[in-house]
Amino acid sequence: MADSAPKLGKGWHVGDCATIVNRFGLVCTCIVLVLLPANARAREAQDWFLTISNGQGLEVCNDARVFAFFSALNAMGFDAGFASRKFPVPRMSYHPVRLQVRERVFSKRSSIASAFDPFFDAHPEPIDLYLSFLLEPTGALGERKKTFDGLSEALRHFDQSFGIAELHTAAQGEYRLLQRAYFTALDGSIVRLRHRLGAGQAPPLTIFVNLLDEDDRLRAIPMADGSLSISVGPSRELLTFAIVRTYASMLIAPVLRRIIGTWAAGPSLLRRAREAGAPEETLEAFASRVMTNAAARWALQIPGDRLGVGELGIGDAAMLFDGSQAVEPLLTEALKRIEVRRSTQ
């Protein structure tokens, strides 16, 4: 399903966002989203400057260690980005901050690789796992702290040698611009979801803005305490819908696991959906997509004529969130609506 979040440009009214589009022609952001229990993350003293918070479960921040890590990756061949031209050879377009970083470090690529390659050779793990270390509170790392001590030392040396912290500080204007845009776009919808699906007790959402990752990439990163991190790459529009869906998925998943066996029409609907091109292989994954889509559309208050009526009955399911039912009976009834919608088409 297409993302129905407002586009950055015509019709988008988050103050500074139009400036980004006019100036660069492309919104290039990456954010790492972390769903943490209250007070789980120990803030550094300067974090007050890097953070925007609504006091109701949403913070939008940026992180110096993530900036340094992705600066090193860019120096070592992490070139993924938006291809403004594909043929005869690709031409990649990057955010100006990422370009500044790459210009700073490219002349010393060999020495940077020499510093990081021994650690990466010993720990050939996905970027997501490295992010979980960088964003995890120190006390929650356990034995992993010893494993990643070498990375912390390499990042400190890299920072001192190339002035990465200086680049990060100089980029704060761009970071704050995009932090405000995402904060404005997500504030109301996250509060609505937390109260509707978690009675106000759902884990808060912390967004770490990062301008150095690839385009249109969503990374789901499980944390040691059972919370969830999400990385979202640069895009031509704010990926608000995808973010809200992912947050809704964390809140809905435990309930769906309990009730999925009661969805009598589910297996036949899944077969029909797969025949129509749906990628999900399991009933739980299929139900999660449908229900999180409905929850996100409700939370974002997408108008009724854009609720996708006729597509799995998502419009009917979304309207149920306006009621006062507890989450389990709400989702049980919503699945029945999906069943009725499909059976009458």
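Here, residue 1 is the first one in the sequence, and each next residue gets the next number.
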If only atom types and distance count, is the side chain of [X] paired as donor or acceptor with the main-chain N or O of [Y] below 3.5 Å?
X: Arg104; Y: Phe162; answer: yes
X: Tyr94; Y: Gln100; answer: no
X: Thr262; Y: Ile259; answer: yes
X: Arg196; Y: Gly323; answer: yes
X: Ser288; Y: Ala285; answer: no
X: His123; Y: Glu125; answer: no
X: Arg109; Y: Phe106; answer: yes

Phe70 and side-chain contact (heavy atoms from CB on, under 4.5 Å): which partner among Ile164, Ile127, Val101, Leu134?
Ile127
Got a sec: does the CZ of Arg91 have more than 12 other heavy atoms crowding it under 6.0 Å?
no
Electrostatic pair [X]-[Y], nearest N-O below 4.0 angstrom:
X: Asp79; Y: Arg102; answer: yes
X: Glu280; Y: Arg289; answer: yes
X: Arg272; Y: Glu275; answer: no

Set out, in order, the CA-CA distance, both residues' side-chain angles and the distance that settles side-chain contact (heavy atoms from CB on, under 4.5 Å) for Leu186 and Tyr247, then state yes or no.
CA-CA 11 Å; Leu186 292 167; Tyr247 184 60; over 6 Å; no
How about [X] and [Y]: do any of their side-chain heavy atoms sit closer than 4.5 Å?
X: Thr246; Y: Ile243; value: no
X: Leu283; Y: Pro267; value: yes
X: Val244; Y: Thr292; value: no
X: Glu59; Y: Leu205; value: no
X: Phe158; Y: Val105; value: yes
X: Val191; Y: Asp187; value: yes
X: Asn210; Y: Asn62; value: no
X: Lys336; Y: Trp263; value: no

Between [X] and [Y], which heavy-atom pair has the shortest distance, and what is it?
X: Ala165; Y: Asp159; answer: N-OD1, 2.8 Å
X: Phe241; Y: Arg297; answer: CE1-CG, 3.4 Å
X: Ile252; Y: Ala295; answer: CD1-CB, 4.0 Å
X: Gln179; Y: Leu50; answer: NE2-O, 3.0 Å
X: Leu300; Y: Ala185; answer: CD2-O, 4.3 Å
X: Met291; Y: Phe321; answer: O-CZ, 4.4 Å

Pair Asn293, Arg245: side-chain N/O donor-acceptor within cut-off below 3.5 Å:
no
Given side-chain contact (heavy atoms from CB on, under 4.5 Å), test Thr206 with Cys61 step by step and report yes or no.
CA-CA 7 Å; Thr206 303; Cys61 318; 3.7 Å; yes
If you measure from [atom1] on [X] to [atom2] on [Y], what distance do you get to the nearest 0.5 Å?
X: Leu167; Y: Arg98; atom1: CG; atom2: CZ; result: 14.5 Å
X: Asp117; Y: Ser114; atom1: CG; atom2: OG; result: 7.0 Å
X: Glu214; Y: Leu73; atom1: CD; atom2: CG; result: 11.0 Å
X: Ser189; Y: Trp298; atom1: OG; atom2: CH2; result: 9.5 Å
X: Ser53; Y: Ile207; atom1: OG; atom2: CD1; result: 11.0 Å
X: Met92; Y: Arg85; atom1: CE; atom2: CZ; result: 11.0 Å

Below 30° counts as parallel, above 60° as perpendicular, anything between as tilted: where do the rings of Phe120 and Phe69 land?
perpendicular
side-chain contact (heavy atoms from CB on, under 4.5 Å) between Gln301 and Arg192: does it pass, once the steps are laid out?
CA-CA 10 Å; Gln301 298 182 296; Arg192 282 164 59 83; 3.5 Å; yes
Could you go through the side-chain contact (heavy atoms from CB on, under 4.5 Å) check for Leu212 and Ser71 one step at a time?
CA-CA 7 Å; Leu212 307 182; Ser71 295; 3.5 Å; yes
Is the NZ or CZ atom of Arg65 positioned over Phe133's six-membered ring, under 6.0 angstrom from the centre and within 45° of the axis?
yes
Using the ring centroid of each side chain, check whether His168 and Tyr175 are separated by less than 6.0 Å.
yes
